[in-house]
Colleague: 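Pasting a structure here, questions to come.
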Amino acid sequence: MQPSELVMNPKQVFLSVLLFGVAGLLLFMYLQVCIEEQHPGKVEKRREQRATSVTREKIQEHITNQNPKSHMLKDPKDKLANLLNSKSPTRVFTETNHSQGEAPALSRNPGSPTIQLIEKQQGTKILFRKFSETNWSVDIQPLNKSLVTDSKWKRIDATQEKRRSFLQEFCKKYGGVSRPQSHVFHMVSRIYVEDKHKILYCEVPKAGCSNWKRILMVLNGLAPSAYNISHDAVHYGKHLKKLDSFDLKGIYSRLNTYTKAVFVRDPMERLVSAFRDKFEHPNSYYHPVFGKAIIKKYRPNACEEALNNGSGVKFREFIHYLLDSHRPVGMDIHWEKVSKLCYPCLIHYDFVGKFETLEEDANDFLQLIGAPKELKFPNFKDRHSSDKRTNAQVVGQYLKDLTRTERQLIYDFYYLDYLMFNYTTPFL
């Protein structure tokens, strides 16, 4: 082979360099998306801290205005105060009432694989940008009252209007809360889809989600009755579709045309319910994954058996883990904030139900979306049926073993959920 044959002409050099550059750019974009989806907490941490710092002062002012009996902690140097990453002062509230508890062209051949790949990437980027920059409409999709045949529609409508309006006003007033901080697919990863009745349901664990999944399975035609579906079939059967399984166009169109529902619960009750379920009963996942890490870090002189099996976590140890900015193991959906599960200031929910009136709210919603008349929301406990349901009295038994500062820090942790859904500040 002659040396002249080894020399590429300028056109070939240009195309080769361009191809390598485009390939590198696409690889970088792909890896960035993967990292965000696998480690959303690390990617979002700085953004969240900035957004929180902007809005926290406004919200604390809002709290103070609505709670004139508030006063400063007398012992701000308490050793647990550093568990909450906040520079703003901690406040204690003494209200005792409990309310019932959102590329360049490489070829002129349009059919070439390279051109198709670039066009697909560009289209995805445009749609993603459109989704991210959308000025979400303040108007909520009206519920179909024609499907409610009796006079109770006025009561349903009044209740929902009050809840939606309160949430809307909160989100409008504290604009920093509604700034997108997450990847789109992560934001909708807790939302279940039922296409036949055009429903989007955001799953909030410990707020009736197991029975809601049973209802969705019946509506999907996957089961004749909600009472015949086991716990494992509900949570591990993979029968239901989630919104993040669709492409961006499918996500966007459903968010704008389907009826969106979320059911919430008093944050303290939800937290205690999660602890009782996951740590006071045998559990092959939460004990070895969370229990061992919690005991190792927060229990001095722990015995070898506890360190090996992770059983017997105490509520106070669990709270220390929850409030620790350097947790030995990550967060879990069962005690994650609703504001980070369902993003209610970005996704405007048409129906806001509450666990405190779960059965009534759920059956009202089923009537509104035109579900079969014989389908009623099940009222049984999914697991540990012999245990007393977690209510305000049960919560009080768990909180009495915590210091006042620890109780205040739990409230601070969930303060967005308390304010967004108009739950009364607990007695601390």
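Nothing here was measured: the structure is a model prediction, and the numbers come from that model.
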Colleague: Does Gln397 have any side-chain hydrogen bond (donor to acceptor under 3.5 Å, both in side chains) partners at least two apart in sequence or in another chain, and if so, which?
Modeller: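 Scan of Gln397 (side-chain hydrogen bond (donor to acceptor under 3.5 Å, both in side chains), adjacent residues dropped) gives Lys400.
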Colleague: Apply ring-ring contact (aromatic ring centres under 6.0 Å, His included) to Tyr414 and list each qualifying residue two or more places apart in sequence or on a separate chain.
Modeller: none
Colleague: Taking only residues two or more places apart in sequence or in another chain, which ones pass ring-ring contact (aromatic ring centres under 6.0 Å, His included) with His197?
Modeller: none
Colleague: Scan residues 301-310 for pairs that pass side chain to side chain donor-acceptor pair (under 3.5 Å), counting only residues two or more places apart or in two chains.
Modeller: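 For residues 301-310: none.
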Colleague: With sequence neighbours left out, which residue pairs that include part of residues 241-324 fulfil the disulfide (SG to SG under 2.5 Å) condition?
Modeller: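 For residues 241-324, and leaving out neighbouring residues, there are no disulfide (SG to SG under 2.5 Å) pairs at all.
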Colleague: Only counting residues at least two apart or in another chain, list the ones meeting side-chain hydrogen bond (donor to acceptor under 3.5 Å, both in side chains) with Lys206.
Modeller: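 Counting only residues at least two positions away or on another chain, Lys206 forms a side-chain hydrogen bond (donor to acceptor under 3.5 Å, both in side chains) with Asp277.
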Colleague: Quick one: side-chain hydrogen bond (donor to acceptor under 3.5 Å, both in side chains) partners of Ser165, sequence neighbours excluded?
Modeller: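 Counting only residues at least two positions away or on another chain, Ser165 forms a side-chain hydrogen bond (donor to acceptor under 3.5 Å, both in side chains) with Glu161.
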Colleague: Quick one: list whatever passes side-chain hydrogen bond (donor to acceptor under 3.5 Å, both in side chains) with Asn211, sequence neighbours left out.
Modeller: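 Residues passing side-chain hydrogen bond (donor to acceptor under 3.5 Å, both in side chains) with Asn211: Arg214.
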Colleague: Excluding sequence neighbours, so at least two apart, what forms ring-ring contact (aromatic ring centres under 6.0 Å, His included) with Tyr192?
Modeller: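 Scan of Tyr192 (ring-ring contact (aromatic ring centres under 6.0 Å, His included), adjacent residues dropped) gives none.
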Colleague: With sequence neighbours left out, write down each residue that passes side chain to side chain contact (heavy atoms under 4.5 Å, CB included) with Leu222, or none if nothing qualifies.
Modeller: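 Scan of Leu222 (side chain to side chain contact (heavy atoms under 4.5 Å, CB included), adjacent residues dropped) gives Met217, Asn220, His239, Leu240.
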Colleague: Under the ring-ring contact (aromatic ring centres under 6.0 Å, His included) rule, collect the residues that match up with Phe290, sequence neighbours excluded.
Modeller: Tyr286, Trp335
Colleague: Any disulfide (SG to SG under 2.5 Å) involving residues 261-295? Give me the pairs, sequence neighbours left out, ordered by first then second residue.
Modeller: none
